[in-house]
Each structure stands twice: as structure tokens, then as C-alpha cells.
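For reference, the structure is listed below as C-alpha cells.
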Protein chains: 2
Amino acid sequence: MRYHREDVVDRALVVLDTYGLADLTMRRLGTELGVQPSALYHHFPNKQRLLAAVADEVLARGRRAPRPSAWDDRVTAVCAELRDAMLAYRDGAELVATVRSFGLGAATPYDELAAALEDGGLGADLVPTAARTLLHFVFGHAVDEQTHLQAGSVGAIDDAPRDDSDFALGLTIVVDGIRVLAGRPTVAG
Amino acid sequence: MRYHREDVVDRALVVLDTYGLADLTMRRLGTELGVQPSALYHHFPNKQRLLAAVADEVLARGRRAPRPSAWDDRVTAVCAELRDAMLAYRDGAELVATVRSFGLGAATPYDELAAALEDGGLGADLVPTAARTLLHFVFGHAVDEQTHLQAGSVGAIDDAPRDDSDFALGLTIVVDGIRVLAGRPTVAG
DNA sequence: ACCTGAACACCGTTCAAGT
DNA sequence: ACCTGAACACCGTTCAAGT
């Protein structure tokens, strides 16, 4: 008893990873901490803000440095890190996407992508759209993957290695599209 | 009293559009129909399946024909129709995305996109990834737009017309990326 | 600063029983 | 075939009060 904000977030991460997002309730978390649910409202104004803090922690724990110097390698690195961070916790992708959907959570991934794209010489008017398109792909793909929606076309015997290359392929589509937008088509012919 | 399945879906659509997805509960819908919540379980096995039926109806009502003949125009048309259908109802994008996330709902948009891409000569091994990448963009963009997350970069005075062109721009990125993947770069230089 | 206890206004779902 | 009534096992949130 007598917890700090970080203790609550830490325990929420354990509950998330053990029982899933649906079971990450204020009452359940309170029980897990040996505390009344109302006690949590001393640390967070509501459940949304609690979830936002948990989502931010998921991303913070998945953080790795340094970034490559080439803009396209940096974009790829940021997207891969984001995906890996979300997949590292049960329902992590759905959590981060949900938090984002109610306008909360860290803006770091967006900012990093936008900075990389600007470095790549993409017009400032195109940067926000391109950065958001990358995020839509990463979130969508990770949620699909984590919800076991990645049916694929034919009956694959194993899943995991297939999804890695599927992610890479999808990311290539978006990055190449951005290249075209920037007036620099690829070497493909 | 004494309703059919379709009556329930129709009324659910009204509740959705009037009060939003959060207020589309079994109890609320029952009240709205003048019926006990338990009565709804005669028509649907659970809430997920009810929502799936509602999501399918949203898409069905947004349906418009015929499709263009060129593969890329067809892809654009399917994506635009999907987006418009979801935006036509309050929280429509979140509803369709949610239903999809638990593995339910119509597969028509995916099937149509996959067919168009195959017509475009994209390798059969690349079609599923490309089709899903298009869907990730459309869903992500529509949810952002409908949750008023489309902050943009600078303080825009009006929103609506901006989002239309933003959608078109993002879609261009993905389609051009697919073109590159298919070995057919655009005319850009 | 951090927590209790009790309450308020809700949820989805089940199931025997009615018409 | 379609619905009632009652119950079960939950939710998030508020708020006066305690230490």
C-alpha cells in the first residue's frame, strides 16, 4: 500500500500482459494492488489518462537508439521500433491505437517520422500526410497481427516469420509511395 | 413490439447516429425499441454479432455502382466509397474498424481491392499485403478524421474540404507504392 | 499525500417462463 | 417465433471521511 503513480503504471503493465486489455479495469487493478478502485483516482483523473500513461510506458520501454542517418533508414527504424514495442505486450497495439484514438498519448513517433521526412527533402506541406500514412500502416498492421487477423491467403503452417516480412513489404509500399511523392522514384524499372 | 432482425439493425443505426457508439448498448437499444434487453438475444447471439450486422449495414448503404474499368481507378473508387460509407454515420469508422478487429464483418472491401490489384497485374503473392495496406490507410484515416484527430500542421480555419484532399493525397502514396512494387513506376521524374 | 467505504448509475448475458 | 422478469457478475466514477 501507499503507491506512487509509477507503481500503478508498472502494475497495470503486468495486468495488461497477463490478462489482456479487456481485463485491465480500475477495479481489477485496484484488487491487484490491494487497494480500493477509488484510490486510483488519486493518481489519475480517469481511466483514459491511466491507459494513456500505460501506452506511453509501453513505447518508452521499446525505445532503442541510435537512429540511422539516412532518412529512409530512419523511417524504417522508427516504424519497426514502434511495432516491436507494441507487440512486446499483450494487446499492446490495440492499447496504443485506442489511446491515440481519444487524442492522448505521446506524439514522439509522429514527430520523429515527420522530422525524418523533412530531412529527406519532402515538401513541408506533404510531411504531415506522409507521416500519418506511415502510422496508419504500422498501427493497422500491428493490430491485425496481434488480433490474429493475419489470415494470409493460403494456409500457412507457421505465422511469426511470415508477419515480419509482411510488415517489411507493406512498409516498402508506403515508403516507395512517399519517394514518388517527393519526386524521387526508386531504381525499379 | 414483435420485431425482426432487420428492424433491430435499423433502430441500432438510428441510435448509433444519434447518440454515438458508446451509447449503443444492448440495454439502450432495448429501451429504444420498447423491449427488454434480453429480447435482443433472440435475434443475435451477442453484442459483437449485433455490431457486425450494423457495420455491414453501414457499408451496404454506402454502396454505389458501377466500378471504373481501370484497376487503379477501381482501387480509388472502392477506397473512397468505403470512406464515405463510414463517415456517413456517427462513429461509423470506429464501428467498422472495431468489428473488423474482432474478426467479423463483411470481407467485400478486401475482396474487391484484391480483385482490382490482380487485374492490375500485381503478383498474386503481393496482392494480400497490398490490399491490407490500402485498408489500413482507409480505416486509419477515417477514424482520425471522425475522432477529430486531424489536427493538421497549422491552424486551419475550415476542416472538411482539407480532409478530402488529404485523403486523396494519402491514397496516392499507397497506390504509387503499389505501382512501384508492381514494377511500374509513375510518370513522375 | 494516499487511501477507505459506500453509494450511484450503469454494463453484457443467462435462463426459466410466458404467448 | 418473439418476448418478459429476474437474476448474476460485473463496470467507471464520486465523495465524504480517515491517517
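Sequence lines set the chain letters: A, B, ... in the order given, protein chains first and strands last, and positions in each chain run from 1.
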Check your understanding: Taking any atom under 4.0 angstrom from a heavy atom of chain A, which nucleotides of DNA chain D are the first and last to qualify, 5' to 3'?
Key -> dC11(D) to dC15(D)
Point to revise | R67(B)/D73(B) ion pair, N-O < 4.0 Å | key: no
Review point. Mind checking whether I173(A) and I173(B) have side chains closer than 4.5 Å, heavy atoms only?
Key: no
**Study point:** salt_bridge(R74(A), E112(A)) N-O dist < 4.0 Å
**Key:** no
Check your understanding: Cation-pi between R28(B) and Y19(B): NZ/CZ under 6.0 Å from ring centre and within 45° of the ring axis?
Key -> yes
Exercise for review: Please tell me if the side chains of L33(B) and L40(B) come closer than 4.5 Å, counting only heavy atoms from C-beta onward.
Suggested key: yes
Review point. Under a 4.5 Å cut-off applied to non-hydrogen side-chain atoms, are E32(A) and V14(A) in contact?
Key: no
Check your understanding: Where do H136(B) and D144(A) land on the side chain to side chain donor-acceptor pair (under 3.5 Å) test, with the steps shown first?
Key -> CA-CA 9 Å; H136(B) 291 149; D144(A) 275 9; 2.8 Å; yes
Review point. Looking at residues 46-58 of chain B, who's got a heavy atom less than 4.0 Å off DNA chain D?
Key: none
Review point. Do R179(A) and D72(A) meet the salt-bridge criterion of a basic N to acidic O distance under 4.0 Å?
Key: yes
Check your understanding: Does the side chain of M26(B) reach to within under 4.5 Å of the side chain of Y41(B), using non-hydrogen atoms?
Key -> yes
Point to revise | Pair R11(A) + E57(A): basic N to acidic O under 4.0 Å | key: no
Practice item. Can you sort out the partners of D10(A) under side chain to side chain contact (heavy atoms under 4.5 Å, CB included), two or more places apart, ordered by chain and number? Key: R61(A)
Study note, to complete from the structure: For DNA chain C, the dot-bracket notation using Watson-Crick and G-U wobble pairs below 3.5 Å, [ ] for pseudoknot-type crossings and | for other-strand pairs, is ||.|||||...|||||.||
Practice item. Before accepting this row, confirm whether a basic side-chain N of the pair D164(B)/R83(B) lies closer than 4.0 Å to the acidic partner's carboxylate O. Key: yes
Practice item. Could you tell me how the ring of F137(A) sits relative to the ring of F167(A): parallel (under 30°), tilted (30 to 60°) or perpendicular (over 60°)? Key: parallel
Review point. Where along residues 2-25 of chain A does a heavy atom fall under 4.0 Å from DNA chain D?
Key: T25(A)
Check your understanding: Which residues within residues 29-41 of chain B lie with some heavy atom under 4.0 Å of an atom in DNA chain C?
Key -> S38(B), Y41(B)
